[in-house]
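Okay, structure first, notes after.
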Amino acid sequence: MTHNCEPSRMKSYLEQQIRAALSVLEGAPDDFDTAAVAVEFQTPNNLDHGDLATNVAMQLARPLRRAPRQIAEALVEALTLDPKRIEGVEIAGPGFINFRFSNAYLADGVAHILEEGEAFGRTNEGAGKTAIVEYVSANPTGPLTVGHGRNAVLGDTIANLLEWTGYDVTREYYFNDAGRQMRVLGESVRARVEGLVNPDGPTKTLEDGTVVPESFPDDAYRGEYIETIAESVLAGHGANVLAQEDLTVFKEAAETAIFADIKATLARIDIRMDEFFNERSVYDSDAVWDVVKKLREKDLIYDKDGAVWFATGKLGKKKTDEHGEHEVDTVLVKSTGEPTYRLPDIAYHMDKLARGFDKIVDVFGADHIATYPDVLRGVEALGGDISKIDVVIYQFVTLVRGGQPVKMSTRKANFVTLDELMDEVTPDVTRFFFLMRSPNSHLEFDLDLAKEAGEKNPVFYLQYAHARICSIIRKAGEVGLTLETEPDLSLLDNESEVVLMKELLRLPEVIAQSADVKEPHKVATYLREVATAFSQFYRDSHIIGADSEALGLARLHLAKAAQLVLHNGLAVLGISAPERM
RNA sequence: GCGCUCGUAGCUCAGCUGGAUAGAGCGGCGGUCUUCUAAACCGCAGGUCGCAGGUUCGAGUCCUGCCGGGCGCGCCA
């Protein structure tokens, strides 16, 4: 059985018919090319305007030199439409052509949802293609913060979205355990061990009032977790670890402990990475030096002041200051011989391209906004196809408690960790709150609202609707209404039934669009509309005690379809769909 | 100063990439449980879409200039 029920299918069907009508349109100039006309559809926000509308007639007004409404009339005249799909066509407003879906089409759609089940919502644009999503990518210098949380949940959900559109997705975490940060981390641990071994040793007081051993570096990591690691190093190696100057023991202990914590934190929000890519591997393979060599061959590298410069200015990087506009170049290798992070980053992206991914997504915080273009310039200069690379930039998170923003500073260790957040709110709530806003919108995370396990909390609204349907299906079974019986879905025709059916059918399109623009909040927004439509259906259309058993059965199946849509939508967001609440 | 980004109801935000009378949640006011989960539903109030120009049949959406918030602007990542 085939169903032409998805709105995307409907759009291509209508487009076909409209093009056919265009080709027989009379009075068109000889050079008029119907193939060049963009036939676009929109879903009107007013129900009186039908289910789909097109503005072709308005678009054609100028080239055809005729009034839009006149063109619309001629088009509708020439149009032949299957009454089993479209029950009405109207011309309205300045020249819109509005189409109204037939009930048979909607009933067909519900049958399709039930048939697809937990696969409903999947599309195949990405079928046979691979994608890699890089996210989290925090260096192992401390616990994940709330800021990392938004990155993690956003990246993970974008990965889900791509999977639902057919891609084979790799989730990758990029990190480096070599640079200055790690050295400072090692020194921080060492200083804490010293403090433990020699509690009466010389100390100093930092500007924020904490008392630390004198050897504690000024830019050290101050979180409590450093002390915990120091304790375990001391327990494992004894006091004579301090005899050696080498920081390796401290660094490795810290890295191991911190990575274990990070993975555990991610697992709490159901995130499991496929790959951990260590920056070191692009050094081990000499890929970084290969990048420098190739750029030099292209005359995009020069040496100045002992450093190696990438001529990004030639590639369009500009800056305007009081001296006017001038080109800006970028250091790839510092005069110390140590590369800046950009060089391995270019090599890393070349590596991802070489691994053959069709789509490469990077999830970065707003602080990277000015720097990732350097990486793309490098990749492009090396002949990499940067059209495959999508960079998702998200704005920062503000935690709000009691109506006041919670002050956070990573350097002073008074940040809120993702674990601490999840000690207060559930993983489902955490994920939803991070996802409910557009990535390029500032996220205000209201802890009081998130903790509210009740009516105000938007997550529960969706889960409640789902649980309620499950409950109805159980209860209906007790009176002999079951999903095993074949329903007559054409009986579904009251307003709230029709509204619900139309809403449910949008899922594949919403997921596909959300995946395309990498904005998961569109799914969250949509699910709220589904839950609202279901609640109205619940109010108007009783299943048990319906006017006839056949009607009750048809409604039961519609409820099941709504349950599937909520279940699948929540699955995309990585949020559970409870059967009871 | 420059770049990116945001500015929509009292608050937090959507607005399908240029369409028809700009929406939701929360908060406020009022109503609905002897029938499938009231964690729900219904109604009312609330707007110069930051300001000013421009582009066109049509602008919250696009272009320019201001104003205000955020993030960047390093031989840090």
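Within every chain, numbering begins at 1; the chains are lettered A, B, ... in the order of the sequence lines, protein sequences first and strands thereafter.
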For Watson-Crick and G-U wobble pairs within 3.5 Å on both distances, what is RNA chain B written in dot-bracket notation, | included for inter-strand pairing?
(((((((..((((.....[...)))).(((((.......))))).....(((((..]....))))))))))))....
Using heavy atoms to find the nearest nucleotide of RNA chain B for A:Ile473 and A:Val331 separately, return the residue whose nucleotide is more 5′.
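Mapping each residue to its closest nucleotide by heavy atoms, the 5'-most match is A:Ile473.
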Pick the closest RNA chain B nucleotide for A:Thr336 and for A:Arg474 by heavy atoms, then say which residue is nearer the 5' end.
A:Arg474
Can you tell me which nucleotide in [options] comes closest to the side chain of [X]?
| X | options | result |
| --- | --- | --- |
| A:Asn440 | B:U5, B:A38, B:A77 | B:U5 |
| A:Gln42 | B:C42, B:U12, B:G19 | B:G19 |
| A:Tyr538 | B:A77, B:C36, B:C13 | B:C36 |

hbond_proxy A:Asn55 side chain to B:G19 base (donor-acceptor, 3.5 Å cutoff):
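Side chain to base: pair present.
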Going by modelled atom types, is there a donor-acceptor pair between the base of B:A77 and the side chain of A:Asp345 at under 3.5 Å?
no
Between [M] and [N] - [atom1] atom distance, rounded Å:
| N | M | atom1 | answer |
| --- | --- | --- | --- |
| B:G15 | B:A24 | P | 15 Å |
| B:U8 | B:U61 | C1' | 12 Å |
| B:U34 | B:C29 | P | 24 Å |
| B:U37 | B:C26 | P | 22 Å |
| B:U21 | B:A39 | C1' | 34 Å |

Sequence neighbours left out, what passes side chain to side chain contact (heavy atoms under 4.5 Å, CB included) with A:Ala67? Give chain and number order.
A:Gln70
Just the rounded figure in Å: distance from [atom2] of [N] to [atom1] of [X].
| X | N | atom1 | atom2 | result |
| --- | --- | --- | --- | --- |
| A:Arg69 | B:G58 | CZ | P | 18 Å |
| A:Arg539 | B:A40 | CZ | P | 14 Å |
| A:Asp329 | B:G74 | CG | P | 14 Å |

Electrostatic pair A:Arg296-A:Asp303, nearest N-O below 4.0 angstrom:
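Looking at A:Asp303 together with A:Arg296, the answer is yes, because their closest N to O distance falls below 4.0 Å.
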Give the intermediate values and the outcome of salt bridge (Lys or Arg N to Asp or Glu O under 4.0 Å) for residues A:Lys352 and A:Glu172.
CA-CA 10 Å; A:Lys352 288 198 267 197; A:Glu172 188 156 287; 5.5 Å; no
Determine the minimum heavy-atom distance between A:Lys11 and A:Glu509, stating which atoms define it.
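Closest heavy-atom pair between A:Lys11 and A:Glu509: NZ-OE2, 2.7 Å.
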Is there ring stacking between A:Phe96 and B:A20, where the centres must be under 5.5 angstrom apart and the planes under 30 degrees?
yes
